[in-house]
Amino acid sequence: MSTHAEEKLQFLEERLKELRESGLYTHIRTVQSPQGAWIVVDGKRVLNFCSNNYLGLANHPEMRRAAVEAIERYGVGPAAVRTIAGTLDLHLKLEERLARFKRVEAVLALQSGFNANQAVIPLLMEKGDLIISDELNHASIIDGVRLSKADRAIYRHGDVDDLRTRLEEAKQKGYRNVMIITDGVFSMDGDVAPLPQIVELAEAYGAIVMVDDAHGEGVLGEGGRGIVDHFGLHGRVDIEIGTLSKAFGVVGGYVAGRAIIIEYLRQRARPFLFSSATTPPDTAACLAAVDILERSTELVDRLWENTRYFKAQMREMGFDIGQSETPITPVMLGEAKLAQEMSARLFEEGVFAQAIGYPTVPKGKARIRVMISATHSREDLDYGLRAFEKVGKELEVI
Ligand code: PMP
C-alpha cells in the first residue's frame with residue numbers, strides 16, 4: 001500500500017488493534033467436512049457444538065438428493081430477481097408448502113432471514129408510525145428498524161409491563177400505525193418471548209405483531225412449527241419471519257402471515273425486487289425439509305431429549321447456563337477473554353464450542369454458546385460434558 005493509502009486507512013488499524021487487545025477479535029475457523037455431530041475444523045476432527053443444524057437436515061440424504069435432482073432439472077442459478085424472471089415453480093411450491101406447514105394464510109420466500117427482516121420492517125412502517133422493539137432483538141431486526149423512517153421505541157427484554165408503558169405513550173402521541181417486534185427465541189440466551197401477553201397487549205392497543213421465529217422453527221410447536229404454534233396463537237400474529245438456514249438446514253428466509261401483507265411485499269419489498277431469487281437446489285432442498293418435518297416429529301423429539309439431558313448435566317456440574325428454555329445453551333462466563341480461552345481449550349480437547357462476545361452480546365456478558373442437535377448421540381453429549389468439566393475446573397469456572 002502507498003503511504004497515502006496507509007494514512008487514509010490508519011483508523012482501521014486502530015480499530016483492529018482495539019479488537020485484538022480487548023479479546024473481541026474473532027478467529028474465523030474453517031470447516032472441511034459435511035455438517036454433523038462431528039466435523040473437521042482447521043484440520044481437526046471435533047465434536048460440533050456450534051451449528052444451527054438443529055435437526056441434522058444440512059447433510060440429510062433426502063435433502064442432498066432433492067438438491068441434486070433440482071440441478072439436473074433446472075441448473076444452478078435463478079439468473080434474475082423474483083419479479084423479473086427468477087420465480088420458478090419451485091419457489092411457488094415452497095411458499096405454498098410453508099404456508100400449510102406454518103398454518104398461515106400466505107408466505108413469501110426470500111434469500112435469507114436477514115433479508116426477510118429488511119423486506120418487511122421498512123416497507124410496512126413509514127414516517128408517522130412507531131416500531132416498538134425488544135432490547136435484545138436480533139441484529140437483522142435492528143437493521144430493518146434502522147432502514148425505516150418510522151419512530152422507534154425499545155422495551156426492556158421480555159418485559160410486558162414496560163411494553164405496555166411504551167404502547168400507552170404511543171397512544172398519547174397518536175401514531176398512525178404501531179408495530180411490536182420480538183424475536184421468538186432469543187438467539188444468544190435461548191429464552192422464549194412472552195408472546196401470548198404481547199399478543200394480548202397488541203390486540204388491546206391495535207398494534208401489528210411481528211415475531212422472528214428463526215430459532216423456533218423446527219424446535220418449538222408441533223413437529224417444529226414454531227413459536228406461534230407452541231403458544232396456540234394462530235391467526236393472532238400478523239407476521240412471522242422464518243429462516244431456512246437453521247433447522248431447515250439449507251439457506252433462505254421467509255415471511256409468513258396475513259395474505260394482504262404478503263401481497264404487498266410481492267409488489268414492493270426491496271430484497272424481493274432487487275436481489276436475485278434463491279437457487280433451484282436450495283429451494284428444492286427446502287421443499288424436502290418440509291416433507292421431512294411434516295412426515296414425523298422424530299427429529300424434533302430427539303432434539304428435545306438431547307437438550308434436556310445436556311442442560312441438566314451442565315447445571316449439575318455447576319455451570320451457569322442462564323435462562324435458556326430451548327436447545328440454545330449459553331455457558332455464561334462474563335469476560336470476553338475468558339470465553340475465548342475456554343473455547344480454545346475446549347477445541348484442544350476435541351470440542352468445537354464458540355465464544356461469543358460484544359457486539360453480539362452486551363459487554364461483560366461473554367459466553368460460550370452450545371448448540372444442541374438431534375444428530376448428537378448420548379455418547380457425543382457425554383464426550384462434550386467431560387470436556388466442559390475438565391476445562392471448567394482448570395479455568396476455575398466451576
Ligand atoms: N433472525 C434471527 C433471530 C436469527 O438468529 C438469525 C440468524 N442468526 C436471522 C434472523 C438471520 O437468518 P439468516 O441466517 O437466514 O439470514
Side-chain angles (χ1 to χ4, degrees), residues 81-83 95 98 102 104-155 157-158 163 166-167 169-170 173 175-188 193 195 198-199 201-202 205-217 226-228 233 236-246 252-275 359-360:
V81 301
R82 288 282 305 270
T83 47
E95 288 167 345
L98 282 172
K102 296 287 283 185
V104 294
E105 289 175 12
V107 161
L108 179 78
L110 289 151
Q111 308 87 343
S112 70
F114 198 103
N115 267 7
N117 277 318
Q118 315 310 300
V120 175
I121 304 169
L123 182 65
L124 264 53
M125 302 309 284
E126 296 181 334
K127 200 167 164 38
D129 299 333
L130 175 72
I131 300 165
I132 311 182
S133 182
D134 185 290
E135 68 176 327
L136 292 189
N137 275 345
H138 188 256
S140 57
I141 296 176
I142 296 172
D143 286 7
V145 173
R146 283 178 180 156
L147 285 174
S148 168
K149 295 199 169 63
D151 283 352
R152 57 207 67 169
I154 308 289
Y155 66 97
H157 176 53
L163 172 59
R166 299 285 92 76
L167 284 162
E169 285 165 3
K173 288 186 186 160
Y175 283 104
R176 184 182 41 207
N177 299 310
V178 177
M179 183 192 266
I180 304 167
I181 310 180
T182 183
D183 271 19
V185 174
F186 287 83
S187 53
M188 293 301 140
L195 200 58
I198 292 173
V199 165
L201 278 175
Y205 286 86
I208 298 166
V209 183
M210 169 167 154
V211 62
D212 182 336
D213 202 22
H215 285 276
E217 260 152 17
I227 188 169
V228 171
L233 293 168
R236 297 174 68 192
V237 171
D238 303 290
I239 302 155
E240 288 175 70
I241 298 297
T243 176
L244 299 164
S245 69
K246 301 187 196 298
Y254 64 88
V255 186
R258 301 198 193 283
I260 191 165
I261 295 175
I262 303 304
E263 185 186 353
Y264 187 51
L265 288 167
R266 278 187 206 282
Q267 297 303 313
R268 281 289 174 271
R270 293 173 74 82
F272 189 74
L273 267 62
F274 299 110
S275 181
T360 312

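Being a predicted model, the structure only gives us computed values, none of them experimental.
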Validation: residues 177-184 side-chain donor-acceptor distances under 3.5 Å, sequence neighbours left out:
residue	atom	partner	partner atom	Å
Asn177	ND2	Asp129	OD1	3.4
Asp183	OD1	His138	N	3.2

Would you name the heavy atoms of Leu123 and Tyr264 that are closest together and state the gap between them?
CG-CE2, 3.7 Å
Among Val211, Ile121, Val120, find the one that has a side chain to side chain contact (heavy atoms under 4.5 Å, CB included) with Ile241.
Val120
Output yes when a side-chain donor or acceptor of Gln118 lies under 3.5 Å from a complementary backbone atom of Pro271, and no otherwise.
no
Separation between CG of Leu130 and OH of Tyr175, rounded to the nearest 0.5 Å
5.0 Å
Quick one: does Val237's side chain get under 4.5 Å of Val199's, heavy atoms only?
yes
Salt-bridge present (Glu169, Arg166; N to O < 4.0 Å):
yes
Met188 and Thr360 have their tightest heavy-atom pair at CE-CG2, 3.5 Å
Closest non-hydrogen atoms of Tyr155 and Asp134, given as atom of the first, atom of the second and distance, are CE2-N, 3.3 Å
What is the minimum heavy-atom distance between Gly144 and Pro122, and which atoms define it?
O-CD, 3.7 Å
What's the separation between atom CZ in Arg176 and atom CE in Met125, rounded to the nearest 0.5 Å?
8.5 Å
Met210 CE to Ile141 CD1 distance, which is reported to the nearest 0.5 Å:
5.5 Å
Given side chains that start at C-beta, do those of Asn137 and Asp212 come closer than 4.5 Å, heavy atoms only?
no
Test side-chain contact (heavy atoms from CB on, under 4.5 Å) on Tyr254 and Leu108 and set out the steps.
CA-CA 5 Å; Tyr254 64 88; Leu108 179 78; over 6 Å; no
Looking at side-chain heavy atoms only, is the closest gap between Thr243 and Glu217 below 4.5 Å?
yes
Would you say Glu95 and Arg266 make side-chain contact, with heavy atoms under 4.5 Å?
yes
Contacts of Arg152 meeting salt bridge (charged side-chain N to carboxylate O under 4.0 Å, His left out) (sequence neighbours excluded), chain-then-number -> none
What are the two closest heavy atoms between Ala269 and Ala119, and how far apart are they?
CB-CB, 3.9 Å
Salt-bridge present (Arg268, Glu126; N to O < 4.0 Å):
no
Does the side chain of Ile262 reach to within under 4.5 Å of the side chain of Glu105, using non-hydrogen atoms?
no
Under the criterion side chain to side chain contact (heavy atoms under 4.5 Å, CB included), which of Ile227, Val209, Ile198, Leu195 is the partner of Leu233?
Leu195
For Val107 versus Ala256, what's the shortest heavy-atom pair and its separation?
CG2-CB, 3.7 Å
Beyond-backbone contact of Asp143 with Leu147, side-chain heavy atoms, under 4.5 angstrom:
no
Going from CD1 on Ile142 to CD1 on Ile131, what distance comes out if it is rounded to the nearest 0.5 angstrom?
12.0 Å
Would you check if Leu110 and Phe272 make a side-chain contact, meaning some heavy-atom pair closer than 4.5 Å?
yes
side-chain hydrogen bond (donor to acceptor under 3.5 Å, both in side chains) with Lys102: which residues, sequence neighbours excluded?
Asp213, Glu240
